[in-house]
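This report concerns only the one structure given below.
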Amino acid sequence: MNNVQFPAQSHLRLHGYAVSNYFNIARAALLEKGVEFEVITRRASQEPEFLELSPMGKIPFLETPRGCIAETVAILEFLEDVLPEPRLHPRDPFERAKVRQTINVVQMYVEVPARSLFPGVFMGGSNSEATVAAARPVLARAMRALRQLVAPGPFLLGPALTYADLFAFYCLDIAERLSRFVYGESLLAQVDGLSGWSARMAQRDSARVVLAAFDEAFSDYLAEKNAVYRPA
């Protein structure tokens, strides 16, 4: 491990819950970096003691010897600074900006509208017709943008894995489930090569670990919430 700025790998602890795509992004990044870390299973909370660790009460957050870091993008940037190899951000500033651009499109225009559909699909609640109608065109615009931004072959932005791949894979996994269930449409099929890319990503060693934990936790979560959705 190169240029590490903390004394022991074992002092890294990732707090969160395997149903969370953001937690899974951070976990996959740690696995891809090859760093030793501990997973602490816990859900988001607004309790005062939790807010001391994660100011918005969200997961994941990364516990380090210097304190805790919340927000997934901040965690990824921290990992790149203290664990520069293997690189998950390109060295070139323009190419690095392209990675961040792709992450932002996925986060704001895929994950956010998809999340608006969670209550009526994953959480035992309902979605209004207005909510269902509002999410669809935003998702369509996002996939149109990704058609312009990415060229899977083998990775989204070229020959090397980047944070854009991790972010997109775990956000699109959830969004694809929702789109198929709610609209009967595949998001992955709307971008040439994206289905093949997703299949390749799922075979990575990091993804095998993360997805196995997700599958187990997700089944329990859906049962707990009495959700209408059931995995295929």
Side-chain angles (χ1 to χ4, degrees), residues 16-28 43-44 56 58-60 71-73 102-150 152 156 163-204 207-208 210-232:
Y17 179 45
V19 168
S20 164
N21 52 308
Y22 285 113
F23 171 80
N24 290 337
I25 293 163
R27 187 176 189 178
R43 300 197 192 186
M56 289 297 294
K58 295 165 58 178
I59 55 171
E71 302 298 331
T72 303
V73 170
T102 302
I103 288 172
N104 203 61
V105 168
V106 170
Q107 184 174 17
M108 296 303 299
Y109 308 113
V110 175
E111 208 278 339
V112 169
R115 187 169 290 270
S116 73
L117 302 172
F118 280 15
V121 180
F122 297 149
M123 301 174 70
S126 61
N127 293 330
S128 68
E129 291 184 7
T131 296
V132 172
R136 193 174 195 176
V138 182
L139 289 168
R141 287 173 56 206
M143 302 316 293
R144 183 184 66 198
L146 289 177
R147 285 198 298 272
Q148 179 178 339
L149 293 173
V150 307
L156 290 183
Y163 284 130
D165 293 283
L166 299 183
F167 217 102
F169 178 70
Y170 291 101
C171 288
L172 282 166
D173 178 69
I174 290 292
E176 176 77 357
R177 296 167 190 261
L178 287 158
S179 182
R180 286 181 176 274
F181 186 85
V182 175
Y183 305 118
E185 296 176 355
S186 168
L187 296 179
L188 296 178
Q190 296 177 34
V191 179
D192 287 346
L194 204 59
S195 293
W197 161 84
S198 180
R200 291 191 299 274
M201 287 292 297
Q203 295 305 309
R204 296 187 68 82
R208 290 178 185 273
V210 172
L211 293 176
F214 169 80
D215 288 341
E216 181 178 357
F218 194 42
S219 293
D220 292 342
Y221 179 85
L222 295 172
E224 171 193 320
K225 297 293 187 180
N226 194 29
V228 295
Y229 178 87
R230 288 293 182 269

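Computed from a predicted structure; not experimentally measured. Because only heavy atoms are used, hydrogens play no part in the values below, and waters and symmetry mates are left out as well, while side chains stay in.
- Put simply, CG on Leu211 and CZ on Phe218 are 12.0 Å apart, with the number rounded to the nearest 0.5 Å.
- The main-chain N or O of Val210 is never found under 3.5 Å from a side-chain atom of Arg27 such that the two would form a donor-acceptor pair.
- Proximity of a side-chain donor or acceptor of Arg141 to a complementary backbone N or O of Tyr109 within less than 3.5 Å is not detected.
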>> For a side-chain contact (heavy atoms from CB on, under 4.5 Å) check, start with the C-alpha distance between Asp173 and Phe214, then their side-chain angles and the critical distance, and finish with the verdict.
In response: CA-CA 11 Å; Asp173 178 69; Phe214 169 80; 4.2 Å; yes
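- Taking CD1 of Ile59 as the start and CZ of Phe23 as the end, the distance is 7.5 Å to the nearest 0.5 Å.
- The closest side-chain heavy-atom distance from Arg177 to Tyr229 is below 4.5 Å.
- Listed here is the closest heavy atom pair of Ala223 and Arg230: CA-NH2, 4.4 Å.
- Between the OG atom of Ser20 and the OH atom of Tyr221 there is a distance of 10.5 Å, given to the nearest 0.5 Å.
- At a threshold of 4.0 Å, the pair Arg43-Glu224 counts as salt-bridged, since one of the basic side-chain nitrogens sits closer than that to a carboxylate oxygen.
- Across all non-hydrogen atoms, the minimal contact from Ser116 to Thr131 is O-CG2, 3.5 Å.
- A donor-acceptor pair is defined here as one N or O able to donate and one able to accept, closer than 3.5 Å; such a pair exists between the side chain of Ser179 and the backbone of Glu185.
- Under a 3.5 Å cut-off, the side chain of Gln148 and the backbone N or O of Arg144 do not form any donor-acceptor pair.
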>> Run the side-chain contact (heavy atoms from CB on, under 4.5 Å) test on Val19 and Asp220 for me, step by step, so that the C-alpha distance in whole Å, both residues' side-chain angles and the decisive distance to 0.1 Å come before the verdict.
In response: CA-CA 10 Å; Val19 168; Asp220 292 342; over 6 Å; no
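- No side-chain heavy atom of Leu149 sits less than 4.5 Å from a side-chain heavy atom of Leu156.
- Within the model, atoms CD of Glu176 and CG of Leu188 stand 4.0 Å from one another, a figure rounded to the nearest 0.5 Å.
- Interatomic distance, CG of Asn127 versus CZ of Phe118, reported as 10.5 Å (0.5 Å rounding).
- Taking each heavy atom of Ala44 and Lys58 in turn, the nearest pair found is CB-CA, 4.2 Å.
- Taking each heavy atom of Asn21 and Cys171 in turn, the nearest pair found is ND2-SG, 3.4 Å.
- More than 12 heavy atoms of other shown residues, nucleotides or ligands fall within 6.0 angstrom of atom CG in Asp215.
- Between Val112 and Val138 the shortest side-chain heavy-atom distance does not fall below 4.5 Å.
- Between Phe167 and Tyr163, the distance from one ring center to the other does not fall under 6.0 angstrom.
- Between Ala207 and Met201 the shortest heavy-atom distance is CB-O, 3.1 Å.
- Side chains of Tyr22 and Glu111: a donor on one and an acceptor on the other come within 3.5 Å.
- Distance check, rounded to the nearest 0.5 Å: OG1 of Thr72 to CD of Gln107 gives 7.5 Å.
- Nearest heavy-atom pair, Ile25 versus Leu166, reported as atom, atom and distance to 0.1 Å: CG1-O, 3.8 Å.
- Considering only heavy atoms from C-beta on, Met143 comes within 4.5 Å of Leu172 through its side chain.
- Using cut-offs of 30° and 60° on the angle between ring planes, the pair Phe169 and Trp197 is perpendicular.
- Side-chain contact check for Tyr183 versus Leu178: every heavy-atom pair is 4.5 Å or farther apart.
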